[in-house]
Undergrad: 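So that we are looking at the same thing, I have put the structure below in structure tokens.
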Amino acid sequence: MESPPSLLYCGVCSDTADAVHFGGLSCRACAAFFRRKVAGGKMSIGRRCNGNCKLDTVVSRRLCPFCRYDKCLRIGMKTTAVLSRLATVKTEPGEGTSSGSGWAMGNLLEQMKEAHRNLENARRGEFMNEVRALPV
DNA sequence: CGTCAAGGCCAG
DNA sequence: CTGGCCTTGACG
Ligand SMILES: [Zn+2]
């Protein structure tokens, strides 16, 4: 089948995504980046942006590795999905509110706040990492 | 059995 | 470090 590439677009760089990754629309690049950042915990960012960088293109996204990570969480990607395919956007156990996924509902804000909370934790961890990652 | 998503490894 | 392709696993 000539699978039409027009359907999924990366919410981070607007690149063509072949599928949804970690609960968020992302291209392989962003997915791999996210996974390596979370799963591996490696990568030296060494960038202290306030998160006001405008990541909209395939070029601006690579300028700020942290901003990309920031946007990744905002588009719906969650670190909990890394190393676990059974953690994406699914009806989380415990929430039996009729029908409806965790998203697109009243708890949408909850998800957004959760992502933002992760950002604070991530930024803090990144800050310590970049400070300690200083060579000599 | 088929499809979708994640993980791993490779190349630039 | 970034982007991509391939492979494997799980779920439907
Ligand atoms: Zn992307």
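Quick note on labels: first sequence line is chain A, next is B, and so on, each numbered from 1. Just so you know, these numbers use all the heavy atoms, side chains as well, and skip hydrogens, waters and symmetry mates. From a predicted model like this one, the values you see are computed outputs, not experimental measurements.
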Undergrad: Hey, which of these two, A:Arg36 or A:Val82, hits DNA chain B nearer its 5' end, going by closest nucleotide?
TA: A:Val82
Undergrad: Any heavy-atom pair between the side chains of A:Asp15 and A:Tyr9 that's under 4.5 Å?
TA: no
Undergrad: Give the rounded distance in Å between these two atoms: NE2 of A:His21 and C1' of C:dG3.
TA: 13 Å
Undergrad: Quick one: is A:Arg35 getting a side-chain N or O under 4.0 Å of the C:dT2 phosphate, OP1 or OP2?
TA: no
Undergrad: Identify the 5'-most and 3'-most nucleotides of DNA chain B with at least one atom closer than 4.0 Å to a non-hydrogen atom of chain A.
TA: B:dC4 to B:dC10
Undergrad: Can you find a pair of side-chain heavy atoms, one from A:Ser26 and one from A:Met77, that are under 4.5 Å apart?
TA: yes
Undergrad: Any heavy-atom pair between the side chains of A:Cys10 and A:Leu25 that's under 4.5 Å?
TA: no
Undergrad: Check this for me: does the side-chain of A:Arg61 come within 3.5 Å of the base of C:dG3 through a donor and an acceptor?
TA: no
Undergrad: From C-beta outward on A:Ala29, which listed nucleotide comes closest to its side chain: C:dG4, C:dT2, C:dC11?
TA: C:dG4
Undergrad: Just wondering, do A:Leu8 and A:Thr16 contact through their side chains at under 4.5 Å, heavy atoms?
TA: no
Undergrad: Less than 4.5 Å apart, side chain to side chain, heavy atoms only: is that true for A:Arg68 and A:Cys30?
TA: yes
Undergrad: Output the rounded distance in Å from CZ (A:Arg62) to P (C:dG4).
TA: 9 Å
Undergrad: For a 4.5 angstrom cut-off between non-hydrogen side-chain atoms, does A:Phe22 reach A:Val82?
TA: yes
